[in-house]
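The figures here come from the full heavy-atom set of this structure, side chains too, leaving out hydrogens, waters and symmetry mates. Quick note on labels: first sequence line is chain A, next is B, and so on, each numbered from 1.
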Amino acid sequence: MSDAELNEPQAAAAAHAKGPLLVFAGAGSGKTRVITYRIANLVACERVPPWRILAVTFTNKAAGEMRIRLERLCGAEIARSLWVGTFHATCAKLLRVHGAAIGLQPNFLIYDTADQRAVVARALDDLNLDERRYPPRAVLAHIHKHKQEGRGPEEAASHSYIDDVALRLFRAYEQRLRAANAVDFEDLILLVARLLEGTPEGDKIRSRFDYVLVDEFQDTNAMQYRFLRELVKAHKNLCVVGDDDQSIYRWRGADVRNIRGFRHDYADATVIKLEQNYRSSKRIVTAALGVISRSEEREPKELWTANSDGDPVRVVAARDERDEAAFVVESIRGARAQGTELRQIAVFYRVHAQSRVLEEGLRAANIAYQVIGGAKFYERAEVKDALAYLRIAINPRSDVDLLRIVNVPTRGIGDTTVQRLTAWATANDTALFDALARVEEIGDIGAAAKKKLRGFRELLDQVREVAQSSAASAVLERVLALTGYVRTLEDEDTAEADARIENLRELGGSMQDYEAEAQAAGEDPSVAGFLERVTLVSDVDELDEGGRVVLMTVHGAKGLEFECVIMTGMEEEMFPYKGIDPGESEELEEERRLAYVAITRARRHLVMTHTQMRQIFGRTRWNRPSRFLGELPNGVAEHQATAAMLGEHRSSRYVDREPDVDAMAKPWRHPQRPPSTTPAPDGRFVDHEFFDDRTHDVTDMPLRRGTRVAHDRFGQGEVLRLVNVGEPAVVAFFPGWGEKKILARFLKPG
DNA sequence: GACAGAGGGTTTTTT
DNA sequence: ACCCTCTGTC
């Protein structure tokens, strides 16, 4: 479909004039196109001034893409004056202007997770509570849950002693944040909602926007929805676009009821469903539907495609995770041989822990790859240190930052001194920065320590002075020189220190990028602006243009599409993932939607791999194929096994095959007995080779011919055949003992 | 103040 | 298995 035309429901959504609009946009149905066309339409046909239109997304990446497409559609000038941004960036912008009404100064800092944890640590300290008894992580999770649902400490009810403690911590946390003139991510939304609900300032915010559009609406949490409803209260020109089948963020507060219930909140809402998929082959769409149609609660909709049938989905059994990696390598080579670009190939996994083995395989095979997610640049210690200096310069009340750098690089200010300083500051209800100026009044700090603290304060004053007068990147450079930070690293003269210096250079580079971009956008580049961007924009590692295979978690894949998708680890307990908690059915539902999201990322080729055995989190797990594989409709998939998987049944029985990548990388071939696929009695389609009933499940270990087992007396052995003696049993061969008939319950994985 | 070793905890992740 | 954090020692 060319960019210029829209199908019927797409056009209807784009042309919708006033009032609430709900668009259910199936995977690959042209959702972004609808939003951008609708905006263009509002500007061009309805004569809405662009700055009175707000488009909200969840990620910066989505916002960036939307902006690019709007530029193409409406021209750079109009695109620039539209409000396009994430919930958080939009609210931060509003708070900088209107926040004074609730006691926020415009130079407020946004605390990231690490900062927030440090605040909790201080709150625990304030209340004399033990970190081990109240882990900051858990405390923070508790606080965020309240805030995501719009409750401050005043609204959070206490029903028990534990609640009581939690409540006091919540209060102390909020107090600490306010004292530091800082907010957390939740506050950005919550505080704007407060402004909207209860202050005259709220009307000013409301009157800024005539139209509000929201992307990925199924991912909003209660607070975000409340903010939106308040924002459009006067005109109700709220257009939300989303797909309940792609709701995968329940665990971080997203509430799929927001999209499912939208019609009840806005009874006069127009509802439009986009059901034609333009992305994937018929087989891939059918595969996706096979999985999602078993979802218990969903908005009725029929995804379909006019695209060709395409290749079968390849379901591949591998012996273990290394064999799986070797197969992934082989598939990538195959796809590339057929002319698929590397960057059009994606490897998905459920958890990051799976990436290491895959990376090793790719590296050994010399295939360029890029891992999305994982370690974050802005969380590196040296980067956080440097930023802490800048943040203190902007907002000296930020105790978290001051504590971070008070002795970095080391300047002889020890723990004891710091503790006395903080105690005094708490007692006198003052920020640490101000306590530094009054260090003479602190009785229990010795003369030598006082001198060092005075020196530190002087250093900070210099940094602040520089920050007033210079561009962001110049400030960084001066800070690193003034503090001796780089010199200290240079003196270390280790590879690690060099890497840190390199990171600091990179930070400087990203500051220069920011300055250039801000100037291009007609904004004034400032240290404060850069800091906000650092906190709200974490994708340093965006998908780049390079020809590299992309590795990422299934969550990271949302909103993307690839010519070829390889889904690894398609095993029960891996995907659907089973954590430590007994999984509730809501969790399984979300795993199912996650599988749906993953499948629908593929345009032409889809490969799903599963292993018989996997080492993860220090354990060997024996796996059954994922139920999602069993849910692929008849005729969609083609089942295969790797050579190593088949070899397991045959030769080199007791040789511990240390699988080197080359040996593993032998191309897969069909199992000797091609597996047939027939409907099981309950209507599901089950593959005989891998879903057969000739498997004994004992202590999570599936036993079949070739399975390695261990016995207390006979040691390591291998199963020759399964036998029935009234309970699961096998005949197994043990070197030195020969064939033995053993009850399965006496066996352990070998 | 640096470093080694123990201990705890591990889904997913944006902002 | 691995990684990060905390603690205790030199």
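Counting non-hydrogen atoms under 4.0 angstrom, A:Asn407 reaches the backbone sugars and phosphates but no base. Counting any heavy atom pair closer than 4.0 Å across all strands shown, A:Gly412 reaches sugar-phosphate atoms only and no base atom. Among the protein residues, A:Arg350 comes within range of the nucleic acid bases, having at least one heavy atom under 4.0 Å from a base atom.
OP1 or OP2 of B:dT15 has not a single side-chain nitrogen or oxygen of A:Thr113 nearer than 4.0 Å. OP1 and OP2 of B:dT14 both lie 4.0 Å or more from every side-chain N or O belonging to A:Asn221. OP1 or OP2 of B:dT13 sits under 4.0 Å from a side-chain N or O of A:His352. Taking 4.0 angstrom as the limit, A:Tyr577 places a side-chain polar atom (N or O) nearer than this to OP1 or OP2 of B:dT11. Taking only side-chain nitrogens and oxygens, A:Asn60 comes nearer than 4.0 Å to OP1 or OP2 of B:dT15.
Distance CD (A:Gln224) to C1' (B:dT13): 13 Å, rounded to an integer number of Å. The interatomic distance linking A:Arg250 (CZ) with B:dT13 (P) rounds to 17 Å, in whole Å. The distance between atom NZ of A:Lys384 and atom C1' of C:dT5, rounded to the nearest whole Å, is 16 Å. Summarising the geometry, the separation between NE2 on A:His555 and P on B:dT13 is reported as 7 Å, rounded to the nearest angstrom. Atom pair A:Arg252:CZ and B:dT15:C1' shows a separation of 8 Å (rounding to whole Å applied). Put simply, NZ on A:Lys61 is 12 Å from C1' on B:dT13, counting in whole angstrom units. Protein atom CD of A:Gln246 is 17 Å distant from nucleotide atom C1' of B:dT13, rounded to whole Å. Atom C1' of nucleotide B:dT15 and atom CD of A:Gln116 are separated by 10 Å, given to the nearest angstrom.
For NZ of A:Lys451, the number of neighbouring non-hydrogen atoms (other residues, nucleotides, ligands) closer than 6.0 Å is 12 at most.
Each of A:Thr553 and A:Asp415 has a nearest nucleotide on DNA chain B; the 5'-most of these lies closest to A:Asp415. DNA chain B is contacted by both A:Gly556 and A:Arg137; A:Arg137 maps to the nucleotide lying nearer its 5′ end (nearest heavy atom per residue).
You'll find that the side chain of A:Arg356 is closest to C:dA1, out of B:dT15, B:dT11, C:dA1. Here C:dA1 is the nucleotide among B:dT12, B:dT15, C:dA1 with the atom lying nearest to any side-chain atom of A:Gln615.
No side-chain donor-acceptor contact under 3.5 Å links A:Thr57 and A:Glu216. No side-chain donor-acceptor contact under 3.5 Å links A:Tyr225 and A:Asp255. A donor-acceptor contact under 3.5 angstrom links the side chains of A:Glu382 and A:Asn503, judged on distance only.
Between A:His610 and A:Phe575, the ring center distance fails the sub-6.0 Å criterion.
Where stacking is scored as ring centres under 5.5 Å apart with planes under 30°, A:Tyr249 does not register as stacked on the base of B:dT13.
With C1' as the reference atom, C:dC6 and B:dT11 are 25 Å apart, rounded to whole Å.
Under the 3.5 Å distance criterion, the side-chain polar atoms of A:Thr422 are matched with a main-chain donor or acceptor of A:Gln419.
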